[in-house]
Number of protein chains: 2
Amino acid sequence: MKRNTWQREAVRTELGRAEGFVSAQGLHSALHTSGSPIGLATVYRALADLALEGDADSLQSPDGESLYRACSTTDHHHHLICRNCGLTVEIEVDAIENWATEEASKHGFTEAAHVIDIFGLCAACTALASDRPTP
Amino acid sequence: MKRNTWQREAVRTELGRAEGFVSAQGLHSALHTSGSPIGLATVYRALADLALEGDADSLQSPDGESLYRACSTTDHHHHLICRNCGLTVEIEVDAIENWATEEASKHGFTEAAHVIDIFGLCAACTALASDRPTP
DNA sequence: ACGCCTATTGATAATGATTGTCAAAACCAT
DNA sequence: ATGGTTTTGACAATCATTATCAATAGGCGT
Ligand SMILES: [Zn+2]
Ligand SMILES: [Zn+2]
Ligand SMILES: [Zn+2]
Ligand SMILES: [Zn+2]
């Protein structure tokens, strides 16, 4: 059976505290900073479990890191993510879901899943960026 | 300036020979098998260059590997990929592009890029899978 | 509350992909 | 052909993630 440990709870809590998507490493060092002695491997396991149970969303960052987030809904949805500060907006659009499904079956594909994410600069980060242009 | 070496050409050729997306490691061992003494680091560099120049598309596999493909068009497009055999179908839909752009600006995001990929089982692999069900 | 069984933890090693290093080799304009 | 520069490749280094496995600690039955 599945046991309740303070470690799992700590990961769940810290994940809830995060604004956007975080990496296992990031979550672990955040926990460490706030005094928790939790082990790195445990954080990896807890996050994988949360994702399996549907309590956390996961995606691959553009450079191949696995990122996790506790989203407000457990329904299927997608994300608009600030590549600078991590601010994340949840997106749920039936039209897109239907498009993906139809596109797959149109070409004879089955068991189709899709990866749809938008990365950009949020309004705040855009403002900051315009103050300090690239030299 | 950029020089022409047989190594770059070999990578370009082998990438063209591949049906779908391939990893740097996979391309390297394919080249090795066909007798080429090209180095692994060189394959990584060549693929990165091709992607930079727009001559190759790249994406992250669901488990975080970087995959590359020489697509038939250099225009912006997306992919429908068989997760078993790698067969890839190129998808180009303006409606999706517009949706992504609008969704980003609607929330104040700028410099938005998007990741849109569909993974499934192609018709052939679906047929094979039904012959040998999971025991 | 106690003890036992087993799931879980965590320090550490192992893995696997990717990148950095740097001397030797290969390009290419002259 | 020669020389200056770029590219290569064997190898080490990095980095995220996973595997090990002895030690720990839930939680059920008592
Ligand atoms: Zn931001
Ligand atoms: Zn979806
Ligand atoms: Zn297939
Ligand atoms: Zn697009």
Side-chain angles (χ1 to χ4, degrees), chain A residues 1-15 18 20-53 55-69 81 83 86 115 117, chain B residues 1-15 18 20-53 55-69 81 83 86 115 117:
Chain A
M1 83 238 36
K2 185 166 36 182
R3 294 178 181 176
N4 283 336
T5 64
W6 64 263
Q7 287 95 332
R8 285 218 219 284
E9 206 46 49
V11 169
R12 210 185 284 269
T13 302
E14 187 64 35
L15 193 62
F21 281 84
V22 292
S23 66
Q25 308 263 0
L27 198 76
H28 176 248
S29 59
L31 284 169
H32 248 228
T33 299
S34 52
S36 171
I38 191 174
L40 177 59
T42 303
V43 173
Y44 272 99
R45 283 184 290 239
L47 286 175
D49 284 354
L50 287 174
L52 242 329
E53 298 160 19
D55 290 333
D57 273 16
S58 69
L59 58 81
Q60 303 283 132
S61 77
D63 51 306
E65 241 185 341
S66 285
L67 303 181
Y68 299 85
R69 180 166 192 265
I81 304 162
R83 69 169 67 94
V115 176
D117 296 298
Chain B
M1 82 231 43
K2 186 168 32 183
R3 293 178 181 177
N4 284 336
T5 64
W6 65 263
Q7 286 94 336
R8 283 217 220 287
E9 205 47 47
V11 169
R12 210 186 286 270
T13 302
E14 187 65 35
L15 193 61
F21 281 84
V22 292
S23 66
Q25 308 263 0
L27 198 74
H28 177 247
S29 60
L31 284 168
H32 249 228
T33 299
S34 52
S36 170
I38 190 172
L40 177 58
T42 303
V43 173
Y44 272 99
R45 283 184 290 239
L47 287 175
D49 284 354
L50 286 174
L52 242 331
E53 298 160 19
D55 290 332
D57 273 15
S58 71
L59 60 80
Q60 303 284 134
S61 79
D63 51 305
E65 239 186 343
S66 285
L67 304 180
Y68 299 85
R69 179 166 192 266
I81 304 162
R83 68 168 68 93
V115 176
D117 296 299

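Every chain is numbered from 1 and lettered A, B, ... according to where its sequence line falls, protein lines coming before strand lines. Quick caveat, the model's predicted, so the values are computed rather than measured.
- Evaluation of the side chain to side chain contact (heavy atoms under 4.5 Å, CB included) rule for B:Ala10 yields B:Trp6, B:Leu31 as partners, not counting sequence neighbours.
- The two residues A:Leu67 and A:Ser61 come nearest to each other via the heavy atoms CD1-CB, 3.6 Å.
- B:Asp63 has its CG atom 17 Å from the P atom of D:dA16, to the nearest Å.
- Separating the CZ atom of B:Arg12 from the P atom of D:dT7 is a distance of 13 Å, rounded to the nearest angstrom.
- Rounded to 10 degrees, the angle separating the terminal axes of the helix from C:dA1-D:dT30 to C:dT30-D:dA1 is 30°, with each axis obtained from five end pairs.
- Under the salt bridge (Lys or Arg N to Asp or Glu O under 4.0 Å) criterion, the residue pairs touching residues 27-49 of chain A are A:Arg8-A:Asp49, with sequence neighbours excluded.
- Between the B:His28 side chain and the B:Thr42 main chain, no donor and acceptor come within less than 3.5 Å of each other.
- In this structure, the CZ atom of A:Arg8 is 16 Å from the P atom of D:dA25, given to the nearest Å.
- The salt bridge (Lys or Arg N to Asp or Glu O under 4.0 Å) contacts involving residues 32-44 of chain B comprise nothing, where partners must be two or more places apart or lie in separate chains.
- Side chains of A:Val115 and A:Leu59 form no contact here, defined as non-hydrogen atoms less than 4.5 Å apart.
- Contact detail for B:Glu65 and B:Ser23: the closest heavy-atom pair is OE2-CB, 3.7 Å.
- Closest non-hydrogen pair, B:Ala24 versus B:Leu47, comes out as CA-CD1, 3.6 Å.
- Taking only side-chain atoms of A:Ile38, from C-beta outward, the nucleotide of D:dT8, C:dG10, D:dG9 with the closest atom is C:dG10.
- Rounding to the nearest 0.5 Å places OG of B:Ser34 at 5.5 Å from CD of B:Glu14.
- Straight-line distance from the CD atom of A:Glu9 to the C1' atom of D:dA25: 17 Å, rounded to whole Å.
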Shorter than 3.5 Å, N or O on both sides, protein versus nucleotides 26-30 of chain C: list them out with atom names.
unit_1, atom_1, unit_2, atom_2, d
C:dC27, O2, B:Arg3, NH1, 3.0
C:dC27, O2, B:Arg3, NH2, 3.1
C:dC28, OP1, B:Asn4, N, 3.0

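- Of all non-hydrogen atoms in B:Ser66 and B:Gln60, the two that sit nearest each other are OG-OE1, 3.2 Å.
- One atom, NE2 of A:His28, and another, C1' of C:dT9, lie 12 Å apart when rounded to the nearest Å.
- The two residues B:Leu27 and B:Val22 come nearest to each other via the heavy atoms CD1-CG2, 4.0 Å.
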Letter by letter from the 5' end, nucleotides 12-24 of chain C scores (B base, S sugar-phosphate only, - none; protein heavy atoms under 4.0 Å) -----SBB-B---
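- With rounding to whole Å, B:Gln60 atom CD is found 18 Å from D:dC15 atom P.
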